There are 2 protein chains.
Amino acid sequence: MSAESAEQHPAHAPGVPVVSVIGDGQLARMMQTAAIELGQSLRLLAGARDASAAQVVADCVLGDYTDIDDLRRAATGAQAVTFDHEHVPTEHLHQLIAEGVNVQPGPEALVHAQDKLVMRKKLREIGAPVPPFAAIASVEDACAFWEAVGGKVCLKACRGGYDGHGVWFPHSEEELAELVGTLLEKGTPLMGEQKVALTRELSAMVARRPSGEVRAWPVVESVQSDGICAEAVAPAPGLSQELARRAQDLAVRIAKELGVTGVLAVELFEYLDEAGQPAISVNELAMRPHNTGHWTQDGCVTSQFEQHLRAVTDRPLGSTATLAPVTVMTNVLGGAEDPAMPMSERMSEVWRRFPEAKIHLYGKTHRPGRKIGHVNLCGDDVATTREQARLAADFLVHARWADDDENE
Amino acid sequence: MSAESAEQHPAHAPGVPVVSVIGDGQLARMMQTAAIELGQSLRLLAGARDASAAQVVADCVLGDYTDIDDLRRAATGAQAVTFDHEHVPTEHLHQLIAEGVNVQPGPEALVHAQDKLVMRKKLREIGAPVPPFAAIASVEDACAFWEAVGGKVCLKACRGGYDGHGVWFPHSEEELAELVGTLLEKGTPLMGEQKVALTRELSAMVARRPSGEVRAWPVVESVQSDGICAEAVAPAPGLSQELARRAQDLAVRIAKELGVTGVLAVELFEYLDEAGQPAISVNELAMRPHNTGHWTQDGCVTSQFEQHLRAVTDRPLGSTATLAPVTVMTNVLGGAEDPAMPMSERMSEVWRRFPEAKIHLYGKTHRPGRKIGHVNLCGDDVATTREQARLAADFLVHARWADDDENE
Ligand SMILES: Nc1ncnc2c1ncn2[C@@H]1O[C@H](COP(=O)(O)OP(=O)(O)OP(=O)(O)O)[C@@H](O)[C@H]1O
Ligand SMILES: Nc1ncnc2c1ncn2[C@@H]1O[C@H](COP(=O)(O)OP(=O)(O)OP(=O)(O)O)[C@@H](O)[C@H]1O
């Protein structure tokens, strides 16, 4: 479609900053929601006209985010370029910057969300807590690491993993050696990390502007299932004020030290230290709105999507105050089969039972395990809110109530 | 642009209901925001590709809402057709319905939002409180009405008025006679209404589905300035529970009796009755999201825009519970002049001072008096929240702080 400069496209009101988003998934889609209310409209680099975000954006450039010419076309006339994923080659971003494009976050920051090993080295350098790790360039490296951590090994692809793809837990040194041999042969750069006896996972999210302002959201508990975020509870139940503060401070520090702009999600492990006290270490960074921040759409004064747009255009950040004692976000992941009941009817059933449930869908068709939406629910207590949000999301997937006796 | 059926347009995910909105203003724009999060995308009948709503909708049919062919093109393949204004000729809607189109609200209901006289006759018939009124087909009718209400006359054009255009308060019988003579000559159908000694204006909003479910929002106080809504405070401060209940019940009854679907706004006068007690009477009906309902975007579990879409597609309605003790909405109306400071910088100034302020802009360029956006602010007490929302909106208009001594 459009290859003209953003200034010429009727989607953009005169005098309003145009933000180009590289990517066409649900994160870009939800950025568009926020943009609209701010009086903007996004420009998109999309792979297909019917992609999640492309459905709802009038100024849609079709192209490939690994192609410098396509990136250039999408950037033309935009006040800032940002992302809904971290897979754009950093050399292209350096090139765009050399040509005068305002890329937020920039490649020096973004590389830490692209490469798990680079990230860990940097975090260790700035004194941020990470589990023991090592680069693995050979089967020997792998075996040495196995010994070093007493067999508690988590093997990770340094690049390209997502939703748990690219993470392995070998049960024996032999299994590790075989796995590493195969993966290295395929050209997958690897690292080993000590397997943490985690008590739960947390997420500390902040937003930062190029000119320095940072704001943090409350730390949330994130429940992972098969490597995919299944649920987020905000604020994290039972988290001590002291540890919450430590997690927020850590995220703020990482944002500053790495020069992150826009939204930064710091995925954390909570575990018990040698003294039996709860402690945290960093697992993963994301430099964009993040699944564990979807709850902010309905549970917070400023959603992560609005905040991201404000941050990447270097405008003052919004309040991160909560609107309810607890907000639960539950993902809607495509089930093994797609029930015959149309999604629209499933929504009706959920709304009939839970008029407070906020359903967010991404305009995606069914595929097993695919993220097709989420449910946000605000409430007064964790147990009830969690139960209801789970029931709601579960109904959207399976078209039946998980607590219905007849299902058992 | 597109004249194809909605089913073919890539903006619409398979299996998702397509809603066509006739109109391209800010109400359609904000419906699109809601639609996106529900996994839909609107189809639009717009007058121009750069209109407020057209900027943010990929499936945009260009045309004229008074042209039956254009309406037909916009309706093709849509599960429901609805409106962002009430100016579509009802004969066209009857025609579309005859052709199988699902029009919500239907013309039998909509006519009461188009014609002030038809509306008042109907309300009188169902026993809803309206000030004394009469049709005015001649200067004699006008003088007779002047006598009947002791000179307390508000003259109204039956059709086509908005934002106070089409409403006159003549100071003498002569002025009335002259005005009526001129207007009748121009072919303006007229009615007279007793001028109410109103204490303030209220708005009672509800949503209703074709299958009958109705939900009411809290009644708000609406402050008008020169016939334009300037501010809404939710819930209406100092309104007795009893009167609030009466206003809600009235709106529910009107929705049912008139067969309204989607959102209905009942604009009300509050005045003191003969016993000196607060009482209400109806001023105006709107059958679509309404300016006095913008606060629901940030102050309510379900916004009027989401509720409207749910209602016109006959899906269960959402909770209308509030998220804060008070929410204030203040309109941003183009000032006499447009300040040199770009709007984007004005937003930054407002956000710097009020990180809780929710700014909503419509992608419209400046014109004196034009509605270009609004600010929502949630808070704990009316006075502070009102003051801050006013300061914020005022800054967006004038690029200066109204409470800054240097301005005085
Ligand atoms: N060192 C570790 N110790 C224990 N469990 C781990 C470790 N590293 C990862 N995991 C588990 O594996 C899951 C996926 O790991 P990770 O987050 O690194 O993968 P990813 O594919 O990058 O995921 P995401 O898409 O969430 O970023 C984690 O959520 C956690 O449950
Ligand atoms: N009978 C009346 N007595 C006193 N004031 C009135 C009366 N009718 C209208 N007004 C005043 O005039 C304003 C505009 O009137 P009205 O709402 O009928 O006009 P409108 O153009 O249809 O406005 P809107 O666009 O808000 O529907 C009202 O908000 C009220 O302040």
Side-chain angles (χ1 to χ4, degrees), chain A residues 10-17 29-30 32-33 35-41 48-50 52 54-60 215 297-298 301-302 310 313-321 323-324 342-344 347-352 355-365 372-373 378, chain B residues 10-17 29-30 32-33 35-41 48-50 52 54-60 215 297-298 301-302 310 313-321 323-324 342-344 347-352 355-365 372-373 378:
Chain A
H12 309 293
V16 169
R29 182 183 177 101
M30 294 185 274
Q32 168 74 341
T33 312
I36 294 174
E37 292 302 320
L38 297 180
Q40 304 173 223
S41 180
R49 200 62 195 82
D50 64 349
S52 179
Q55 292 167 9
V56 300
V57 167
D59 183 6
C60 188
R215 282 199 186 241
Q297 293 178 303
D298 299 294
V301 171
T302 311
R310 286 162 72 156
T313 51
D314 203 16
R315 294 187 287 175
L317 301 178
S319 161
T320 52
L323 299 171
M343 183 52 89
S344 180
M347 293 169 86
S348 290
E349 282 299 319
V350 169
W351 281 331
R352 198 167 289 129
E356 309 77 20
K358 304 309 298 174
I359 300 177
H360 300 261
L361 294 181
Y362 310 150
K364 292 184 172 180
T365 50
I372 56 174
C378 294
Chain B
H12 310 292
V16 169
R29 182 183 176 101
M30 294 185 275
Q32 168 74 343
T33 313
I36 294 174
E37 293 302 320
L38 297 181
Q40 304 173 223
S41 178
R49 200 63 195 80
D50 64 350
S52 178
Q55 292 166 10
V56 300
V57 167
D59 182 6
C60 188
R215 281 198 186 241
Q297 292 178 304
D298 299 294
V301 172
T302 310
R310 287 161 71 156
T313 50
D314 204 16
R315 294 187 286 175
L317 302 178
S319 161
T320 53
L323 298 172
M343 181 54 87
S344 180
M347 293 168 86
S348 290
E349 282 300 319
V350 168
W351 280 330
R352 199 166 290 127
E356 310 78 16
K358 303 311 297 174
I359 299 178
H360 300 263
L361 295 181
Y362 310 150
K364 291 184 172 181
T365 50
I372 55 175
C378 293

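As the structure is a prediction and not an experimental result, all values here were calculated from the model. In what follows, chains carry the letters A, B, and so on, assigned in the order in which the sequence lines appear, proteins first and then strands, with residues in each chain numbered from 1.
Interatomic distance, NE2 of H360(B) versus CD1 of I372(B), reported as 14.5 Å (0.5 Å rounding). In this structure, CD in Q55(A) is found 10.0 Å from NZ in K364(A), a value given to the nearest 0.5 Å. Atom NZ of K358(B) is separated from atom CG of D298(B) by 6.0 Å, given to the nearest 0.5 angstrom.
H12(A) approaches D59(A) most closely through the heavy-atom pair NE2-OD2, 2.7 Å. Across all their heavy atoms, L361(B) and R29(B) have their closest contact at O-NE, 3.6 Å. Q40(B) and V16(B) make their closest contact through CG-CG1, 3.6 Å (heavy atoms, listed as atom of the first residue, atom of the second, distance). Residues L317(B) and R215(B) share a closest heavy-atom pair of O-NE, 3.5 Å. In this structure, I36(A) and Q32(B) approach most closely via the heavy-atom pair CD1-CG, 4.1 Å. For the pair W351(B) and R310(A), the tightest heavy-atom approach, listed with the atom from each and the gap, is CG-NH2, 2.9 Å.
With a threshold of 4.5 angstrom between heavy atoms, I359(B) approaches chain A through N, CA, C or O but not through any side-chain atom. With a 4.5 Å cut-off on non-hydrogen atoms, P17(B) touches chain A through its side chain but not through its backbone. Of the atoms belonging to V301(B), heavy atoms from both backbone and side chain fall under 4.5 Å from chain A. For A321(B), no part lies under 4.5 angstrom from a heavy atom of chain A. With a threshold of 4.5 angstrom between heavy atoms, Q297(B) approaches chain A through side-chain atoms but not through N, CA, C or O. Residue M343(B) does not touch chain A at all, counting heavy-atom pairs closer than 4.5 Å. If you measure heavy-atom distances from S344(B) to chain A, the contacts under 4.5 Å come from both the backbone and the side chain. For chain B, the nearby part of A54(A) is the backbone; its heavy atoms alone come within less than 4.5 Å.
Of the listed residues (L38(A), D50(A), L323(A)), the greatest number of heavy-atom pairs within a distance under 4.5 Å of chain B belongs to L38(A). Counting heavy-atom pairs under 4.5 Å between each of A48(A), G373(A), P316(A) and chain B puts P316(A) at the top. Taking C378(A), G363(A), S348(A), S41(A) one by one and counting their heavy-atom pairs under 4.5 Å with chain B, the maximum is reached by S348(A). Options T302(A), T365(A), V350(A) differ in how many heavy-atom pairs under 4.5 Å they form with chain B, and the most are formed by T302(A). Of all the listed residues (G15(B), A13(B), A11(B)), the one sharing the greatest number of non-hydrogen pairs under 4.5 Å with chain A is A11(B).
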